[in-house]
Amino acid sequence: MYRASAATTTIFETNPANIVSILEQKLDSGCKSNSVPIVFLLSSDISEQVSLKSLVAREGWRFETFESAREFLARPRPLVPSCLILGLSSEPNRLEEQKATVRQRSEVPIIVISRYADIPTTVQAMKAGAIDFFVRPFCDETLLLRVRATLERSRLAVQLEMELSDLRTCYASLSPRERQVMALVVSGLLNKQVGAELGIRKSR
């Protein structure tokens, strides 16, 4: 049977629940990102860039524009809620760029906007992974409503990923004894049983 360190023994002697509380604090102490969401625009249309920048700024979100999928994919992955507005144009490879973006940045929801309302293009865009498809002219408030929804979807995904990352980091920071205690706690043992398993005796 392992012999407890003086520090671990002191913790249990003071209160058997203390070590569990300390471990929980370590696992819950990861930094939570409260950064401003980002709305990305993939479009070479200057007027589109200007109008959407004004719309996004009104909501207090960050706004970044890109003229090609290659340029967008070269950007580091965002660690904050985000969504991509993809402006379809007469360029024949725009849908292919959408597919490439979905393959490599599946965590970023995509909203497609277009000046063309043909059904085949709409169907292809949705099949390629778009969350929504808007045809100009459209109501700004309707677009903002969908952007808010996609950012919330992204926020939940980012939060989950950050929590998992924090958990891995915090677990890696635990000492061998703390990992041993954690394994016993998550197996369902009570504090006194954990102490007994580790050979820790509470002083009288």
Visitor: Taking a hydrophobic cluster as the set of Ile, Leu, Val, Met, Phe, Trp and Tyr residues connected by side-chain heavy atoms closer than 4.5 Å, whether directly or through intermediates, do Ile85 and Leu55 fall within one such cluster?
Guide: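 Yes; Leu55 is reachable from Ile85 via cluster members.
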Visitor: Side-chain heavy atoms nearer than 4.5 Å, only ILVMFWY residues, links allowed to pass through others: does that put Leu41 and Phe138 together?
Guide: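 Leu41 clusters together with Phe138.
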Visitor: Taking the side chain as C-beta and beyond, is there a heavy-atom pair between Phe40 and Leu42 under 4.5 Å?
Guide: no
Visitor: Go through Glu141 and Arg58 one step at a time and tell me if the salt bridge (charged side-chain N to carboxylate O under 4.0 Å, His left out) criterion holds.
Guide: CA-CA 11 Å; Glu141 289 304 320; Arg58 195 176 75 191; 2.7 Å; yes
Visitor: Could you go through Asp45 and Ser47, starting from their C-alpha distance and side-chain angles, then the distance that decides it, and tell me whether this counts as side-chain hydrogen bond (donor to acceptor under 3.5 Å, both in side chains)?
Guide: CA-CA 6 Å; Asp45 187 322; Ser47 63; 2.5 Å; yes
Visitor: In Å, rounded to the nearest 0.5 Å, how long is the span from OG of Ser43 to CG of Leu52?
Guide: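 Taking OG in Ser43 and CG in Leu52, the distance rounds to 8.0 Å.
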Visitor: Please check this pair: side chain of Ser51 against backbone of Glu48, looking for a donor-acceptor N/O pair closer than 3.5 Å.
Guide: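 The answer is yes, because a donor-acceptor pair under 3.5 Å joins these two groups.
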Visitor: Hey, are the side chains of Val112 and Phe134 touching, using non-hydrogen atoms and a 4.5 Å cut-off?
Guide: no
Visitor: Hey, does the side chain of Ser173 reach the backbone of Cys170 with a donor-acceptor pair shorter than 3.5 angstrom?
Guide: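 Such a contact is found between Ser173 side chain and Cys170 backbone.
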Visitor: Does Glu59 pair with Lys53 as a salt bridge, N-O distance under 4.0 Å?
Guide: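 Looking at Lys53 together with Glu59, the answer is no, because their closest N to O distance does not fall below 4.0 Å.
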Visitor: Would you be so kind as to tabulate the donor-acceptor pairs closer than 3.5 Å made by side chains of residues 70-84, with sequence neighbours excluded?
Guide:
unit_1: Glu71; atom_1: OE1; unit_2: Glu67; atom_2: N; d: 3.1
unit_1: Arg75; atom_1: NE; unit_2: Glu64; atom_2: OE1; d: 2.8
unit_1: Arg75; atom_1: NH2; unit_2: Glu64; atom_2: OE2; d: 3.1
unit_1: Arg77; atom_1: NH1; unit_2: Gln104; atom_2: O; d: 3.3
unit_1: Arg77; atom_1: NH1; unit_2: Glu107; atom_2: OE1; d: 2.9
unit_1: Arg77; atom_1: NH1; unit_2: Glu107; atom_2: OE2; d: 2.7
unit_1: Arg77; atom_1: NH2; unit_2: Gln104; atom_2: O; d: 2.7

Visitor: Determine whether Val39 and Val147 make a side-chain contact, defined as any pair of heavy atoms from C-beta on separated by less than 4.5 Å.
Guide: yes
Visitor: May I ask whether Val108 and Leu151 are part of the same hydrophobic cluster, defined by side-chain heavy atoms of I, L, V, M, F, W, Y residues being less than 4.5 angstrom apart, directly or through others?
Guide: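 No, it is not one cluster - the side chains of Val108 and Leu151 are not joined through contacts under 4.5 Å.
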Visitor: A quick test of your reading: do over 12 heavy atoms of other residues, nucleotides or ligands sit less than 6.0 Å from CZ of Arg155?
Guide: yes
Visitor: Do Ile113 and Asp132 make a side-chain contact, defined as non-hydrogen atoms from C-beta onward lying under 4.5 Å apart?
Guide: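 Not in contact.
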Visitor: Go through the steps for Leu143 and Ile111 under the test side chain to side chain contact (heavy atoms under 4.5 Å, CB included), then give the verdict.
Guide: CA-CA 9 Å; Leu143 176 62; Ile111 295 174; 4.1 Å; yes
Visitor: Are Gln49 and Phe66 packed together at the side-chain level, in the sense that at least one heavy-atom pair is separated by less than 4.5 angstrom?
Guide: no
Visitor: Report whether Ile131 and Ile110 are members of the same hydrophobic cluster (ILVMFWY, side-chain heavy atoms less than 4.5 Å apart, transitive linking).
Guide: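 No, separate clusters.
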Visitor: At what distance, to the nearest 0.5 angstrom, does CZ of Arg146 lie from CZ of Phe133?
Guide: 15.0 Å
